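Note that the structure is a prediction, hence the values are computed from the model and not measured. Positions are given from 1 along the sequence.
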Amino acid sequence: MTAGLPRVQLADGVLKVTGEVTAETVVGLRKQGETLIRTASGDLVIDLDGLVTAHSVVLSMLLCWQRLAHQKGIALSFRGVSGRLSSLAALSNLDDQLAGFGAESASPAH
């Protein structure tokens with residue numbers, strides 16, 4: 001997979017994150033995701049399969065999204081979590097706070 005500008009799209013209850021998230025791009029992506037979460041009418045799945053990076057800024061963004069969703073009464077779950085991102089969450093003691101980040105659910109690729 002080639003790195004590209006990060007994007008977030010909402011379709012059929014799935015918030016799909018793709019591309020390379022960096023410290024320079026995370027704020028804009030976070031705001032796009034927050035806008036989409038505010039328009040959601042039910043629980044959401046965050047699909048990270050197209051995410052190129054495993055970086056602490058990604059975890060920060062996901063926690064911001066989770067906080068907003070919780071305030072709106074929306075449950076978030078995560079799928080397509082790379083092994084590297086799952087390991088980073090575990091090292092930060094965040095894996096239990098992000099549904100789908102457990103070691104048994106992480107994707108080996110990425």
Side-chain angles (χ1 to χ4, degrees):
M1 176 179 295
T2 59
L5 290 177
R7 294 180 46 163
V8 61
Q9 299 171 287
L10 177 61
D12 301 322
V14 177
L15 199 63
K16 186 169 181 68
V17 183
T18 58
E20 182 176 10
V21 181
T22 66
E24 293 77 27
T25 61
V26 71
V27 173
L29 189 66
R30 188 197 82 219
K31 290 178 181 179
Q32 290 174 23
E34 288 171 346
T35 298
L36 294 171
I37 291 167
R38 284 186 185 99
T39 67
S41 58
D43 295 345
L44 295 172
V45 173
I46 310 297
D47 184 348
L48 302 173
D49 194 47
L51 189 63
V52 176
T53 40
H55 194 287
S56 61
V57 296
V58 173
L59 292 176
S60 176
M61 176 185 72
L62 297 177
L63 289 169
C64 288
W65 288 354
Q66 185 165 281
R67 182 174 51 242
L68 173 63
H70 179 74
Q71 291 169 354
K72 295 198 50 67
I74 296 171
L76 296 185
S77 61
F78 301 88
R79 73 177 181 209
V81 179
S82 71
R84 292 181 65 193
L85 190 60
S86 181
S87 293
L88 184 58
L91 286 170
S92 304
N93 291 319
L94 296 172
D95 51 334
D96 289 339
Q97 296 179 39
L98 298 165
F101 268 71
E104 69 281 351
S105 61
S107 303
H110 297 94

Review point. Applying the 4.5 Å side-chain criterion to the ILVMFWY set and letting contacts propagate, would Val57 and Val17 be lumped into a single cluster?
Key: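 The answer is yes; both residues are in one hydrophobic cluster.
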
**Study point:** Transitive ILVMFWY side-chain link Leu36 to Val45, under 4.5 Å
**Key:** no

Practice item. Quick one: do Arg79 and Asp49 satisfy side-chain contact (heavy atoms from CB on, under 4.5 Å)? Show the steps, please. Key: CA-CA 7 Å; Arg79 73 177 181 209; Asp49 194 47; over 6 Å; no

Practice item. List in chain and number order the residues that pass side chain to side chain donor-acceptor pair (under 3.5 Å) with Gln9, two or more places apart in sequence or in another chain; answer none if no residue qualifies. Key: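 Gln9 satisfies side chain to side chain donor-acceptor pair (under 3.5 Å) with no other residue.
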
Revision key, fill the gap. Ala40 meets the side-chain contact (heavy atoms from CB on, under 4.5 Å) criterion, sequence neighbours left out, with Leu44, Ile74

Taking [X] for its side chain and [Y] for its backbone only, find out whether a donor-acceptor pair lies under 3.5 Å.
| X | Y | answer |
| --- | --- | --- |
| Gln66 | Gln97 | yes |
| Thr53 | Glu20 | no |
| Ser87 | Gly83 | yes |

So, for [X] and [Y], which heavy atoms are closest and what is the spacing to 0.1 Å?
| X | Y | answer |
| --- | --- | --- |
| Ser92 | Leu59 | OG-CD1, 4.3 Å |
| Asp43 | Ala75 | OD1-N, 2.9 Å |
| Ser56 | Leu88 | N-CD2, 3.4 Å |
| Trp65 | Leu29 | CZ2-O, 3.6 Å |
| Thr22 | Thr25 | N-OG1, 2.9 Å |

**Study point:** Leu62 vs Leu48 side-chain heavy atoms within contact, under 4.5 Å
**Key:** yes

Review point. Are Val81 and Leu51 close enough that some pair of their side-chain heavy atoms sits under 4.5 Å apart?
Key: no

Check your understanding: For Leu98 and Leu63, what are the C-alpha separation, side-chain angles and deciding distance, and is it a side-chain contact (heavy atoms from CB on, under 4.5 Å)?
Key -> CA-CA 8 Å; Leu98 298 165; Leu63 289 169; 3.9 Å; yes

[atom1]/[X] to [atom2]/[Y] distance, rounded to the nearest 0.5 angstrom?
| X | Y | atom1 | atom2 | result |
| --- | --- | --- | --- | --- |
| Lys72 | Thr39 | NZ | OG1 | 8.5 Å |
| Leu15 | Ile46 | CG | CD1 | 4.0 Å |
| Met61 | Gln32 | CE | CD | 10.0 Å |

**Study point:** Derivation of the side-chain contact (heavy atoms from CB on, under 4.5 Å) call for Leu85 and Phe78
**Key:** CA-CA 12 Å; Leu85 190 60; Phe78 301 88; over 6 Å; no

Point to revise | Fellow cluster residues of Leu91, listed by chain then number, with links counted only when side-chain atoms sit under 4.5 Å apart | key: none

Practice item. Test side-chain contact (heavy atoms from CB on, under 4.5 Å) on Val27 and Lys31 and set out the steps. Key: CA-CA 6 Å; Val27 173; Lys31 290 178 181 179; 3.7 Å; yes

